Amino acid sequence: MGLGKKTVEEMDVRGKRVLVRCDFNVPMKDGKITNDNRIVAALPTIKKLIENGGKVILCSHLGKPKNGPEEKFSLAPVAVRLSELLGKEVVFANDDEVVGPNAKAAVAAMKDGDVVLLQNTRFRKEETKNLPEFSKDLASLADCYVNDAFGSAHRAHCSTAGVTDYIKDTAVGYLMEKEIRYLGNAVNDPVRPFTAILGGAKVADKLNVISNLLEKVDTLIIGGGMAYTFVKAQGYETGKSLCDDSKIDYCKEMMEKAKANGVKLLLPVDTVCVKDFPDPIDAAVDTTVYPISQMPADMEGCDIGPETMKLFADAVKASKTVVWNGPMGVFENPTLAAGTLAVAKAMAESDATTVIGGGDSAAAVQQMGLGDKMTHISTGGGASLEYLEGKELPGIACIQNA
């Protein structure tokens, strides 16, 4: 499957003002950036546009300001870090209305290759409602538009979608291109056998993902808290484990669908149980392993057991494409992270194309030091889930086709 979208490589930007939507939603503590991965990830696109003589105007949201502008959500620290990483000044246009006198003056003064960063797009109430007033304001600054913020591509906001109603020359950046290539192709045009692994707490979060993947995969592995609803649907006791009784019939339907589609559906065969959930979450905890059919009523399943780890790892090793979204247990606790680690290790050791679908799985893989062993780690949690559901993402749909 080709990319289907115009890319930054194909855009002529010399002497033009280029508005670039980045994902600078970085973690902050006391006004300091605690992890700059997202800023670093945006550099290839920014550098390419500088090299090609564009006037680069960057925009992003940060956090969830509730009532308009709030100092703690200012992008000022991002401008400082970007200047360090690029080795050149990034002018910060500090306007509470985002496109205000500072932004207009900074853009008017730009020479080819200069970089300006606008204030947090969510300082404008219109941003999340995708109202034309703000889209027009953003568009008034630029001649062309690049979206490189996959983590926000599932939101139809002014800066991710609305602005393209007023700027016609549009493209995706390198980061977005990589996401479409790996995540999109892995799901829609995989090298087989194709295995998807789903974990995390709730079945409800992944209803459409499960159903969509059962149309596409050869093997579907389900672990994490969501597995216990499937376990109950098989007629077993789940004790104090996470279980959504309202979804038991849905789980039965999915088991039937897997059978009808010839998909191997792998569920836990044993589980690591605790008497009481650890408090705090990383506290020492006593565990007992039980076969899945023999869970005691007064215990809670918090990770997959050793037999399940082997079952899942063998399936991964037999695959050519593996997509993973959601941990296998309470991975924040060292004792209960073994299942998640086993899956991550199996993926790291396999010669398959391995794609991590953002969110907790991405955090777990990085935490375990296995990030560089994966083919691709998605930068979007919600966006990658919606992609796996087969939805069209507004931030990609609005970019002109190649």
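Values in this document were obtained by computation on a predicted structure and should not be read as measured data.
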Trainee: Just grab all the ring-ring contact (aromatic ring centres under 6.0 Å, His included) pairs involving residues 333-364, residues at least two apart or on different chains.
Mentor: none
Trainee: Scan the side chains in residues 277-296 for donor-acceptor partners under 3.5 Å anywhere in the protein, sequence neighbours excluded, and list what turns up.
Mentor:
none

Trainee: Given Phe134, which partner from the list Val99, Val163, Thr128 fulfils the side chain to side chain contact (heavy atoms under 4.5 Å, CB included) test?
Mentor: Val99
Trainee: Is there any side-chain hydrogen bond (donor to acceptor under 3.5 Å, both in side chains) pair reaching into residues 73-83, and which pairs are they, with sequence neighbours excluded?
Mentor: Asp36-Arg81, Ser74-Gln119, Arg81-Glu84
Trainee: Tell me the salt bridge (charged side-chain N to carboxylate O under 4.0 Å, His left out) pairs involving residues 333-359, sequence neighbours left out?
Mentor: none
Trainee: Can you list every salt bridge (charged side-chain N to carboxylate O under 4.0 Å, His left out) pair that touches residues 366-393, not counting sequence neighbours?
Mentor: Glu389-Lys391
Trainee: Tell me every residue that passes side-chain hydrogen bond (donor to acceptor under 3.5 Å, both in side chains) with Glu215, counting only those two or more places apart in sequence or in another chain.
Mentor: Lys257
Trainee: Checking Asp148 now: which residues fulfil side-chain hydrogen bond (donor to acceptor under 3.5 Å, both in side chains) with it, not counting sequence neighbours?
Mentor: Thr45
Trainee: Under the side-chain hydrogen bond (donor to acceptor under 3.5 Å, both in side chains) definition, can you give me all pairs with a residue in residues 222-232, not counting sequence neighbours?
Mentor: Tyr228-Thr271, Lys232-Asp245
Trainee: Could you pull out every donor-acceptor pair under 3.5 Å between side chains of residues 317-324 and any protein atom, sequence neighbours left out?
Mentor:
unit_1 : atom_1 : unit_2 : atom_2 : d
Ser319 : OG     : Thr195 : OG1    : 2.6
Ser319 : OG     : Ala315 : O      : 2.7
Thr321 : OG1    : Val191 : N      : 3.2
Thr321 : OG1    : Val191 : O      : 2.6
Trp324 : NE1    : Gly326 : O      : 2.7

Trainee: With sequence neighbours left out, write down each residue that passes side-chain hydrogen bond (donor to acceptor under 3.5 Å, both in side chains) with Lys240, or none if nothing qualifies.
Mentor: none
Trainee: Measure the spacing between CG of Asn333 and SG of Cys302 and express it to the nearest 0.5 Å.
Mentor: 8.5 Å
Trainee: ring-ring contact (aromatic ring centres under 6.0 Å, His included): which pairs involve residues 152-189, sequence neighbours left out?
Mentor: Tyr182-His376
Trainee: Taking only residues two or more places apart in sequence or in another chain, which ones pass side-chain hydrogen bond (donor to acceptor under 3.5 Å, both in side chains) with Lys310?
Mentor: Asp314
